[in-house]
Amino acid sequence: MAGVPFDQLDGHIWFNGEFVEWDKAQIHVLTHGLHYASSVFEGERAYEGEIFKLREHTERLFYSAEVLGFEIPYTVEEIDQACIDTLEKQGLTNAYVRPIAWRGSEMMGVSAQSNRINVAIAVWDWPSYFNPEEKLKGIRLDMAEYRRPDPKTIPCFSKAAGLYMICTLSKHAAEAKGYADALMLDWRGQIAEATGANVFFIKGGVIHTPIPDCFLDGITRRTVIQLAKDRGYEVVERVIMPDEMADFEECFLTGTAAEVTPVSEIGDYRFVPGEICKNLMDDYDALVRGAA
């Protein structure tokens with residue numbers, strides 16, 4: 001798949017209730033979702049033919065749509081089944097699953113109450129989000145210029161496309177300097193998250209992670225917190241300031257794409273991936289593959 005544009009992959013995409021050939025899953029250039037970011041999506045992974053926590057992802061898709069003021073014209077059960085069917089149609093067992101819903105092109109302008117709500121589901125082969133060799137030794141993060149905004153200014157608890165603009169800008173800037181990703185603060189100057197993953201720190205055997213009060217409380221985040229507690233680790237959700245990173249020993253990211261990824265560097269701060277990181281990586285891998 002390397003080097004092949006995503007609009008030229010093979011297979012089929014579930015599009016408004018039916019399968020269409022991959023290159024025919026098209027929208028008009030005057031689609032509201034393109035111009036005004038009125039779209040919501042999910043990122044899911046299938047392992048050994050099973051989509052991990054499918055129902056939680058679908059329910060969040062519906063919640064995100066509700067926050068943006070539109071109604072998905074299918075039931076949660078129908079979208080669940082469509083994801084399963086699309087995975088099977090593509091003939092994949094280990095894959096990435098992307099459901100997306102957006103306002104169509106019936107009205108063009110900020111106001112778009114009459115626009116059709118479209119839904120599509122694409123499935124493709126996607127290996128590790130980060131370079132596998134780099135991931136094992138810990139990835140390097142830059143400090144992002146942009147910050148997670150005040151919840152009074154954005155619908156921060158929806159997985160809405162427009163909220164990722166500053167993530168793309170921050171990740172591009174980090175990659176241009178040789179980093180794998182960037183750590184974002186929030187509008188108060190507190191540690192928030194990476195551009196597409198939640199962040200955890202470890203000190204003295206205790207796991208610390210920011211309170212998700214202006215960014216997504218990720219499904220993988222919640223899963224890993226439970227795995228940590230099952231092992232007897234203490235997990236503290238709290239305000240974390242940037243200068244505290246000098247005292248942390250380990251750091252890792254969590255997310256559907258990132259899974260559990262150790263971090264070796266954030267700006268001027270250094271970490272050494274250790275036993276807790278490795279245990280949680282192993283536990284998460286066993287869980288998603290049905291071995292836990």
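From a predicted model like this one, the values you see are computed outputs, not experimental measurements.
The aromatic rings of Phe201 and Phe248 sit parallel, their planes meeting at an angle under 30°, below the 60° perpendicular limit.
Within a 6.0 Å radius of CZ in Phe19, more than 12 heavy atoms belonging to other residues, nucleotides or ligands are found. Within a 6.0 Å radius of CG in Asp243, other residues, nucleotides and ligands contribute more than 12 heavy atoms. By the neighbour-count criterion of 12 heavy atoms within 6.0 Å, atom CD of Glu77 is densely surrounded, having more than that number from other residues, nucleotides or ligands. Under a cut-off of 6.0 angstrom, the local environment of CD in Glu175 is crowded, with over 12 non-hydrogen atoms contributed by other residues, nucleotides or ligands.
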- Task: Start with the C-alpha gap between Cys277 and Val260, add the side-chain angles, then the distance that decides, and say whether side-chain contact (heavy atoms from CB on, under 4.5 Å) holds.
- Result: CA-CA 8 Å; Cys277 278; Val260 179; 6.0 Å; no
- Glu56 and Arg222: salt bridge (Lys or Arg N to Asp or Glu O under 4.0 Å), yes or no, with the steps? CA-CA 11 Å; Glu56 287 185 43; Arg222 295 198 299 267; 3.2 Å; yes
- How far apart are the C-alpha atoms of Asp285 and Arg289, what are their side-chain angles, what is the distance that settles it, and do they pass the salt bridge (Lys or Arg N to Asp or Glu O under 4.0 Å) test? CA-CA 6 Å; Asp285 188 65; Arg289 299 184 186 281; 2.9 Å; yes
- Begin with the C-alpha distance, continue with both residues' side-chain angles, and end with the deciding distance and a verdict on side-chain contact (heavy atoms from CB on, under 4.5 Å) for Gln81 and Glu78. CA-CA 5 Å; Gln81 190 60 52; Glu78 286 172 329; 5.8 Å; no
- Message: For a side-chain contact (heavy atoms from CB on, under 4.5 Å) check, start with the C-alpha distance between Ile266 and Phe271, then their side-chain angles and the critical distance, and finish with the verdict.
- Response: CA-CA 8 Å; Ile266 301 178; Phe271 311 94; 3.7 Å; yes
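Glu48 has its side chain within reach of Asn94: a pair of non-hydrogen atoms, C-beta onward, lies under 4.5 Å apart. No side-chain heavy atom of Phe200 sits under 4.5 Å from any side-chain heavy atom of Ile276. Residues Val199 and Cys251 are in side-chain contact: their nearest non-hydrogen atoms beyond the backbone lie under 4.5 Å apart. Between Val288 and Thr223, the closest side-chain pair of non-hydrogen atoms is not below 4.5 Å. Side-chain atoms of Met143 and Tyr269, non-hydrogen and from C-beta on, never get closer than 4.5 Å to each other. Val40 places none of its side-chain heavy atoms less than 4.5 Å from the side chain of Tyr63. By the 4.5 Å heavy-atom criterion applied to side chains, Leu30 and His35 are counted as neighbours. Counting heavy atoms from C-beta on, the side chains of Glu237 and Pro212 come closer than 4.5 Å.
Follow the hydrophobic side-chain contacts under 4.5 Å out from Leu185 and you reach Ile240 in the same cluster. Clustering ILVMFWY residues whenever any of their side-chain heavy atoms sit less than 4.5 angstrom apart, transitively, puts Ile121 in the very cluster that holds Phe70. With hydrophobic clusters built from ILVMFWY side chains whose heavy atoms lie under 4.5 angstrom apart, Val97 does not share a cluster with Ile13. Hydrophobic clustering (side-chain heavy atoms under 4.5 Å, transitive across Ile, Leu, Val, Met, Phe, Trp, Tyr) keeps Met184 apart from Tyr179. The hydrophobic clustering, which links ILVMFWY residues whose side-chain heavy atoms are closer than 4.5 Å, places Val119 and Ile84 together.
Note that the CD1 atom of Ile100 and the OG atom of Ser64 stand 11.5 Å from one another [nearest 0.5 Å]. Atom OG1 of Thr75 sits about 8.5 Å away from atom CG of Asp80, to the nearest 0.5 Å. For the atom pair OG (Ser264) and CD (Glu250), the distance works out to 12.0 Å, reported to the nearest 0.5 Å. Taken to the nearest 0.5 Å, the NE2 atom of His57 stands 8.0 Å off from the CG atom of Leu54. One finds the CG atom of Leu253 at 6.0 Å from the OG1 atom of Thr261 (value rounded to the nearest 0.5 Å). Going from atom SG of Cys83 over to atom CD1 of Ile51 covers 5.0 Å, rounded to the nearest 0.5 Å.
Looking at every heavy atom in both residues, Tyr233 comes nearest to Gly205 through CD2-O, 4.3 Å. Across all non-hydrogen atoms, the minimal contact from Leu92 to Asp125 is CD1-N, 3.7 Å. Minimum heavy-atom separation, Phe15 to Ile27: CZ-CG2, 4.1 Å. Contact record, Cys167 with Arg148: SG-NH2, 2.8 Å, taken as the closest heavy-atom pair. In this structure, Asp142 and Ala174 approach most closely via the heavy-atom pair CB-CB, 3.9 Å. The heavy-atom pair separating Val76 from Arg55 by the smallest distance is CG1-NE, 3.4 Å.
Remark: the backbone N or O of Met281 is not paired with any side-chain donor or acceptor of Glu259 at under 3.5 angstrom. For the pair Arg98 (side chain) and Glu42 (backbone), a donor-acceptor distance under 3.5 Å is present. The main-chain N or O of Thr254 is never found under 3.5 Å from a side-chain atom of Arg221 such that the two would form a donor-acceptor pair. Between the Asn198 side chain and the Leu216 main chain, a donor and an acceptor come within less than 3.5 Å of each other. Between the Lys137 side chain and the Val272 main chain, no donor and acceptor come within less than 3.5 Å of each other. Under a 3.5 Å cut-off, the side chain of Arg45 and the backbone N or O of Thr256 do form a donor-acceptor pair.
For the side chain to side chain contact (heavy atoms under 4.5 Å, CB included) test, residues two or more places apart in sequence or in another chain that qualify with Val239 are Gln190, Met241. A search for side chain to side chain contact (heavy atoms under 4.5 Å, CB included) contacts involving Ser105 returns His28, Thr31, not counting sequence neighbours.
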Using atom types as modelled, flag every donor-acceptor pair under 3.5 Å from a side chain in residues 157-164 to any protein atom, sequence neighbours excluded.
{"residue": "Ser158", "atom": "OG", "partner": "Pro155", "partner atom": "O", "Å": "2.8"}
{"residue": "Lys159", "atom": "NZ", "partner": "Tyr164", "partner atom": "OH", "Å": "2.7"}

Contacts table for residues 224-232: side-chain donor-acceptor under 3.5 angstrom, sequence neighbours left out:
{"residue": "Gln226", "atom": "NE2", "partner": "Asp230", "partner atom": "OD1", "Å": "2.8"}
{"residue": "Arg231", "atom": "NE", "partner": "Asp283", "partner atom": "OD2", "Å": "2.5"}
{"residue": "Arg231", "atom": "NH2", "partner": "Asp283", "partner atom": "OD1", "Å": "3.2"}

Without placing hydrogens or testing angles, list every side-chain donor-acceptor pair under 3.5 Å for residues 108-116, not counting sequence neighbours.
{"residue": "Ser111", "atom": "OG", "partner": "Gln113", "partner atom": "OE1", "Å": "2.5"}
{"residue": "Ser111", "atom": "OG", "partner": "Gln113", "partner atom": "NE2", "Å": "3.4"}
{"residue": "Asn115", "atom": "OD1", "partner": "Met107", "partner atom": "N", "Å": "2.8"}
{"residue": "Asn115", "atom": "ND2", "partner": "Gly104", "partner atom": "O", "Å": "2.6"}
{"residue": "Asn115", "atom": "ND2", "partner": "Met107", "partner atom": "O", "Å": "3.1"}

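Among residues at least two apart or in separate chains, side chain to side chain donor-acceptor pair (under 3.5 Å) pairs with a member in residues 6-18 are Asn16-Asn118.
Salt bridge annotation for Asp150-Lys152: absent, with no cationic side-chain nitrogen under 4.0 angstrom from a carboxylate oxygen.
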